[in-house]
> 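The structure is given below, and queries will be raised subsequently.
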Amino acid sequence: MKLVVQVKLLPTPEQAAALEATLRDCNQAAGLVSRTAFTTGVTREYDLRKHTYAALKERGLGAQAAQHVIKKVADAYRTLKANLRAGNLGAPGAPRRIRVEGKPIVFRPHAAQPYDDRCLSWQLDARTVSIWTVAGRLRRVAFTCSDQQRAMLAAHRRGESDLVLRDGRWFLIATCEVPDVPVTAPDGFTGVDLGIVNIATTSGGVRHSGKSLNAVRQRNRELRRRLQAKKTKSAKRLLKKRRRTEARFAVNTNHVIAKAIVTEAERTGRGIALEDLQGIRERVRLRKPQRVTLHSWSFHQLGAFIGYKARRAGVAVIYVDPAYTSQQCSACGHVDRANRPDQAGFSCTSCGFAEHADVNAARNIASRGVADWAVSHAA
Ligand SMILES: [Zn+2]
């Protein structure tokens, strides 16, 4: 399983200047290679190197940096082609697609730059790296990380790391290849219902409230309304900053919730049943605004976090059909819209079973998990 570890660099002002100059230079070079790729139609790394390597060397780029720049451009074109093929940019002839196809891929001056072990070495105990820049090799650039991250880097870091500049802060994003943990045969399943008021509710009745996250979102929505009327540059900057803070807060909230759910499953020897949200998108029942929000990246991210934390712990995960989990009675199976007298409540019109609506839904997800697991592991 692939995981990424992000560490924050703490460069001195001189080191930061050298890193900044390096990103600028590499991305200028990438722009040059990209224009060549576009005009010649050559986008494979090997062929692209023949066309552009000498020019990059002439610009003063080192051999390894030149190769990385060429690889970065080749990768970008491969991703673009895959996106075009998958129809992510519209059908052939769509305005957006024509716009993208009609010009070379552009690299922002501060776009991320990949580094391999020859250009970047890690001194994990000292928490420093030595990194190639256009101003020569920088030694002892400090970084911060948790002990857990350091152990992960020491044991499992493989291949390239990306140098990233984001909101004036420097990061290295390293890829780790972690061996799969064998899945423990589950002793029952915990169902997890994802929602707005309660971000996650388990069939055991644990509700992870979205109160603080929703408060932040609400505050930002109001601020957005006020600032959007202004349309000044500083208002736009503030909005962008707020959006990022909100996103970071949501990511952190999702990590905390996912961890709590997986730890509980590990402790009780249960598996975890989640709604198959991919399925929801293809369904037509999207009238409720809450369903629309289910599409948002935050829900997919929470599902993804639970999924990988569970895999890492050897906890079984199963994705179940999400249809009618909120309208079905988890005691007798009766499906009826009228089972939901209000947003929070569930009361079965057939057997009289009453429960918090999210807990009832989570119980349905849990029993579907048990049934699906039995079917898929029958042999
Ligand atoms: Zn019932």
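Because the structure is a prediction, the values reported are computed rather than measured. Counting starts at 1 for both ligands and their atoms, following the listed order.
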> How about the Zn ion (ligand 1), which protein N, O or S atoms come within less than 2.8 Å?
Cys329 SG, Cys332 SG, Cys348 SG, Cys351 SG
> Under 4.5 Å between any side-chain heavy atoms of Leu153 and Cys176, yes or no?
yes
> Among residues at least two apart in sequence or on other chains, which ones pass salt bridge (charged side-chain N to carboxylate O under 4.0 Å, His left out) with Asp117?
Arg157
> Do Phe346 and His356 have ring centres separated by under 6.0 Å?
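Not under 6.0 Å, so no.
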> If the threshold is 4.0 Å, N to carboxylate O, is there a salt bridge linking Glu246 and Arg243?
no
> Counting only N and O atoms by type, is there a donor-acceptor contact under 3.5 Å from the side chain of Asp193 to the main-chain atoms of Thr202?
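No; zero donor-acceptor contacts below 3.5 Å.
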> Would you say Thr40 and His51 are linked by a side-chain donor-acceptor pair, where the criterion is simply a distance under 3.5 Å?
no
